[in-house]
Amino acid sequence: MTDCLFCKIARKELDSDIVHESDDIMVFRDINPAAPLHVLAVPKEHVASVDELTRDHAGVLSEMLIALSTIAGREGTDGGYRIVTNVGPDAGQSVLHLHFHLLGGRAMAWPPG
Ligand code: 5GP
Ligand code: ZN
């Protein structure tokens, strides 16, 4: 996807504050953080959302979640943290490239709005 925002970040055509990178994933800080810790994990391959996942994505999915857990531990989220992904307009998905938000560093309400 040439004009997808997160594809461009993954290809480093756009700057981002990268926290972790591998051959298959990128984790970078959200430009408009909603919590003291707010990073986004994306696959480098363009996948629009959870709706496009297949079993072939199992490896990259676990890699993203384990990377977020590691970052949460490293950045001091002793009280816990939240990992969330929005799918579609009702959930407020604004970038159509799969991303997991990691939010931490403050108490959070449930259910989210
Ligand atoms: P969504 O609303 O799709 O679940 O989440 C998209 C997230 O991407 C938002 O939290 C938003 O702040 C973040 N975002 C949008 N544009 C950029 C950008 O250019 N760079 C970074 N680092 N984050 C972005
Ligand atoms: Zn993309």
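Values below: every heavy atom of this structure, side chains too, minus hydrogens, waters and symmetry copies. Atoms within a ligand are numbered from 1 in the order they appear, just like the ligands themselves.
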- Query: Are any of the N/O atoms in His38 less than 3.5 Å from those in ligand 1?
  - Reply: no
- Query: Just distances here: any N/O of Ile9 and N/O of ligand 1 closer than 3.5 Å?
  - Reply: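 No, Ile9 has no N/O under 3.5 Å of an N/O on ligand 1.
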- Item | Atom name, His46 (N, O or S, nearest to the Zn ion (ligand 2)) |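 For His46, the N/O/S atom sitting closest to the Zn ion (ligand 2) is ND1.
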- Name of the His97 atom (N/O/S only) found closest to the Zn ion (ligand 2):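 For His97, the N/O/S atom sitting closest to the Zn ion (ligand 2) is ND1.
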Suppose we measure from [atom] to each protein heavy atom; which comes out shortest, and what is that distance?
atom	answer
atom 5 (O) of ligand 1	His99 NE2, 3.0 Å
atom 2 (O) of ligand 1	Ser94 OG, 2.8 Å
atom 12 (O) of ligand 1	Asp30 OD1, 2.5 Å

[X], portion touching ligand 1 at heavy-atom distance under 4.0 Å:
X	value
Phe6	side chain
Leu40	side chain
Arg29	backbone
Ser16	neither
Leu5	side chain
Leu14	neither
Ile31	both

Whether the side chain of [X] engages the backbone of [Y] through a donor-acceptor N/O pair (distance < 3.5 Å, no angle test) should be reported.
X	Y	answer
His99	His97	yes
Thr70	Ile66	yes
Lys44	Glu21	no
Gln93	Val95	yes

- Test item, Gly92 contacting ligand 1 (heavy atom, 4.0 angstrom): yes
Provide the number and element of each atom of ligand 1 under 4.0 Å from a heavy atom of [X].
X	answer
Gln93	3 (O)
His101	1 (P), 4 (O), 5 (O), 7 (C), 10 (O)
Asn32	12 (O)

- Message: Starting from Val87, can I reach Leu102 by hopping between I/L/V/M/F/W/Y residues whose side chains sit under 4.5 Å apart?
- Response: yes
- Assess whether atom CG of Asp17 is packed by more than 12 heavy atoms of other residues, nucleotides or ligands within 6.0 Å.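 Enclosed: over 12 neighbouring heavy atoms sit under 6.0 Å from CG of Asp17.
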- Task: May I have all residue pairs that pass side-chain hydrogen bond (donor to acceptor under 3.5 Å, both in side chains) and include part of residues 77-86, sequence neighbours excluded?
- Result: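 The answer is none; no pair qualifies.
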Can you see which heavy atom on [X] is nearest to which on [Y], and at what distance?
X	Y	value
Leu96	His46	O-CE1, 3.2 Å
His101	Leu40	ND1-CD2, 3.3 Å
Gly104	Ala35	O-CB, 3.5 Å

Please tabulate, for side-chain N and O atoms in residues 25-32, each donor-acceptor pair with protein atoms closer than 3.5 Å (sequence neighbours left out).
| from | atom 1 | to | atom 2 | distance (Å) |
| --- | --- | --- | --- | --- |
| Arg29 | NH1 | Glu75 | OE1 | 3.2 |
| Arg29 | NH2 | Glu75 | OE2 | 2.8 |
| Asp30 | OD1 | Asn32 | N | 2.8 |
| Asp30 | OD2 | His38 | NE2 | 3.3 |

